[in-house]
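A, B, ... follow the sequence lines: proteins, then strands. Residue 1 opens every chain. Computed from heavy atoms alone, side chains included, the values below leave out hydrogens, waters and symmetry copies.
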Protein chains: 2
Amino acid sequence: MSQSLRRGLDILGELASGARTLDELAASLGVHKTTVLRLVRTLEEQRFVCRDDQHRCHLGSRLFHVADIGLEQHPIRDVAAIHLRRLARATGGQAVHLAVAEQGHVVYIDKVESTHAVRMYSRIGLPAPLHCTAVGKVLMAALPPRRRDAVVAGLELRSFTPSTITRASALRSQLELVDERGWAEDVAEHEAHVHCIAAPVHDAADRVVAAVSISVPELVLDHAGVVGLLPHLLETTAAIDAEHRA
Amino acid sequence: MSQSLRRGLDILGELASGARTLDELAASLGVHKTTVLRLVRTLEEQRFVCRDDQHRCHLGSRLFHVADIGLEQHPIRDVAAIHLRRLARATGGQAVHLAVAEQGHVVYIDKVESTHAVRMYSRIGLPAPLHCTAVGKVLMAALPPRRRDAVVAGLELRSFTPSTITRASALRSQLELVDERGWAEDVAEHEAHVHCIAAPVHDAADRVVAAVSISVPELVLDHAGVVGLLPHLLETTAAIDAEHRA
DNA sequence: GCGTATGTTGCGTCATGTGCAACGACCATT
DNA sequence: AATGGTCGTTGCACATGACGCAACATACGC
């Protein structure tokens with residue numbers, strides 16, 4: 001809708017992958033240098049971009065500030081942080097994620113890096129599919145049946161690995177199961193050789209607002225081993241829920 | 001310069017402090033609802049903003065993603081992270097910061113929270129003055145004499161506490177000392193009752209690109225106690241430098 | 001059922017953002 | 001020191017696209 005705002009955001013996206021000169025930005029946005037200059041200047045005034053001695057553009061401090069403050073705004077994140085870290089320790093340094101749903105995707109809003117050499121690729125703010133992640137299944141399972149089916153119907157069910165569930169009916173019945181038993185798993189359905197389990201986190205009104213997951217490479221633990229971590233996971237989500245209600 | 005980009009960024013800034021309705025945004029930006037709607041839609045398309053069921057606006061995942069990626073771009077941050085955490089542990093859970101200079105200010109790009117009850121107010125991305133922070137002094141001291149004096153001359157030297165240095169000559173001579181001995185202190189010059197020490201971090205070309213600081217409330221350690229942590233600090237910056245050169 | 005608060009759409013106006021072309025600053029090479 | 005090249009910056013004229021208004025739509029409270 002708003003062209004210059006859009007382009008400004010494109011610049012931020014571009015700068016996320018490293019410093020750029022004006023010309024480079026102009027090229028990647030497909031606009032004239034002059035236009036980029038003006039946008040950059042506005043971004044710079046607001047400190048969303050800063051330029052070094054050589055006039056190269058970097059992301060500016062205000063962006064980081066806004067993101068930092070904004071993340072802590074997520075009321076769940078604040079409460080959950082300490083529990084996530086404890087969970088990571090209790091499970092011997094596995095990767096732990098906190099995720100919420102946003103516009104048909106899962107978005108990670110906090111993570112604790114695995115201490116193992118093999119790491120997953122995940123980032124705060126990175127969207128992931130709903131249908132092939134444990135957190136996605138938990139979040140979908142929590143929806144009232146009608147909306148859940150509507151959401152499933154709207155998904156692309158893209159296949160990421162041989163085990164990805166691509167049939168809507170199979171996904172629907174798995175979500176029912178997830179809803180009943182209160183946790184979900186992802187058996188290398190998103191990333192090959194990575195297994196996850198996830199469980200929901202509730203707000204004061206008992207609605208599911210987020211999910212916590214543990215992700216483990218096959219090399220570290222087999223499937224049974226991952227499911228064996230379930231008590232730790234459920235203990236963690238219960239602790240977050242409890243603190244959340246208080 | 002660019003009005004709509006500016007307003008879009010204002011919206012992000014506004015949303016950093018919590019969810020807003022369209023009308024609230026319109027009021028705080030001083031523009032018509034329609035205008036806000038269009039800007040928000042653009043922001044939403046790019047996932048810098050997301051709206052919930054009640055149409056309230058929140059910061060969106062793309063913003064977090066860009067910030068997350070961008071922070072890890074800072075080559076120093078990546079290398080330093082583990083050393084900062086070790087420093088925090090070695091000093092008994094003091095607050096540790098990593099900062100760089102940006103446009104006449106210090107900006108924190110990473111931090112480890114203190115484990116003590118008394119905490120400082122600091123945030124990633126938050127700018128702080130150069131003249132009354134230990135990190136600021138380190139970063140200024142590293143400049144070639146002429147530029148250093150120019151920067152000092154351009155500072156406001158605002159007083160934050162009774163101990164804030166407000167005379168340019170005093171600051172200049174202190175910076176010389178800092179340059180010689182390789183570390184700086186802040187004796188409650190920025191925040192009352194908080195003492196800091198800081199030391200520089202160098203890049204592969206041996207230029208100072210960042211500074212690491214330890215901040216301690218008076219209640220926890222007196223001035224001598226803080227200076228007593230110096231060996232830990234210098235060990236940390238030396239370790240970062242070494243890894244950085246490798 | 002009406003009234004209010006809030007989000008959304010269509011439209012005419014003109015401010016704003018745009019590309020072009022020329023200028024300037026800086027660096028490297030000779 | 002002179003030259004060519006790269007990159008950032010400025011002035012200007014044009015028309016796009018952003019703006020506010022007013023009317024419509026929807027949801028909630030009484």
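Arg6(A) places its CZ atom 13 Å from the P atom of dT18(C), with the value rounded to the nearest Å. Here the C1' atom of nucleotide dT18(C) and the CG atom of Leu29(A) are 14 Å apart, to the nearest Å. His55(B) has its NE2 atom 18 Å from the P atom of dA5(C), to the nearest Å.
Here the side chain of Thr42(A) pairs a donor or acceptor atom with the backbone of Ser2(B) at under 3.5 angstrom. In terms of modelled atom types and a separation under 3.5 Å, the side chain of Asp68(B) and the main chain of Ile124(A) share a donor-acceptor contact. Looking at Glu102(A), its side chain never comes within 3.5 Å of a backbone N or O of Gly60(B) through a donor-acceptor pair. In terms of modelled atom types and a separation under 3.5 Å, the side chain of Arg167(A) and the main chain of Ser169(A) share no donor-acceptor contact. Distance alone, capped at 3.5 Å, is enough to place a donor-acceptor pair between the Arg148(A) side chain and the Ala141(A) backbone. Under a 3.5 Å cut-off, the side chain of Thr35(B) and the backbone N or O of Val31(B) do not form any donor-acceptor pair. Under a 3.5 Å cut-off, the side chain of Glu24(B) and the backbone N or O of Thr21(B) do form a donor-acceptor pair.
You'll find that the side chain of Ser2(A) is closest to dA18(D), out of dA18(D), dG7(C), dT9(D).
One finds a side-chain N or O of Gln3(A) lying less than 4.0 angstrom from the OP1 or OP2 phosphate oxygen of dT18(C).
For the segment residues 7-16 of chain B, the set of residues with a heavy atom within less than 4.0 Å of an atom of DNA chain D comprises Arg7(B), in numerical order. Of the residues in residues 19-27 of chain A, none lies under 4.0 Å from DNA chain C by heavy-atom distance.
Across all strands shown, Arg51(A) has heavy atoms under 4.0 Å from sugar-phosphate atoms exclusively, and none from any base. Using a 4.0 Å heavy-atom distance criterion, Arg41(B) is classed as a sugar-phosphate-only contact.
Crowding of Leu177(B) atom CG: a count of heavy atoms from other residues, nucleotides or ligands under 6.0 Å exceeding 12. More than 12 heavy atoms of other residues, nucleotides or ligands sit less than 6.0 Å from atom CZ of Arg77(B).
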Please write out the pairs of protein N or O atoms and N or O atoms of nucleotides 23-29 of chain C separated by less than 3.5 Å, giving the distance to one decimal.
none

For nucleotides 21-30 of chain D, print each protein N/O atom paired with a nucleotide N/O atom at under 3.5 Å, atom names and distance only.
unit_1, atom_1, unit_2, atom_2, d
dC21(D), N4, Thr34(B), OG1, 3.1

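Thr166(B) and Ser159(B) form no side-chain donor-acceptor contact under 3.5 Å, judged by distance and modelled atom types alone. A donor and an acceptor atom, one from each side chain of His131(B) and Glu156(B), are nowhere located under 3.5 Å apart.
The overall bend of the helix from dG1(C)-dC30(D) to dT30(C)-dA1(D), read as the angle between its terminal helix axes built from five base pairs each, is 50° when rounded to 10 degrees.
When all heavy atoms are compared, the tightest approach of Glu189(B) to Thr164(B) is O-OG1, 2.6 Å.
Applying the ring pair (Phe, Tyr, Trp, His ring centres under 6.0 Å) test to His190(B) and every residue at least two apart in sequence or in another chain returns Phe160(B).
Screening Thr236(B), Val79(B), Val212(B) against Val201(B) for a side-chain contact (heavy atoms from CB on, under 4.5 Å) leaves a single residue, Val212(B).
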Worked verdict on His97(A) versus Asp110(A) for side-chain hydrogen bond (donor to acceptor under 3.5 Å, both in side chains):
CA-CA 6 Å; His97(A) 288 91; Asp110(A) 200 3; over 6 Å; no

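Ile109(B) CD1 to Leu98(B) CG: the interatomic distance, rounded to the nearest 0.5 Å, is 4.0 Å.
Of the two residues contacting DNA chain D, namely Leu37(A) and Thr35(B), the nearest-nucleotide position lying further toward the 5' end is that of Leu37(A).
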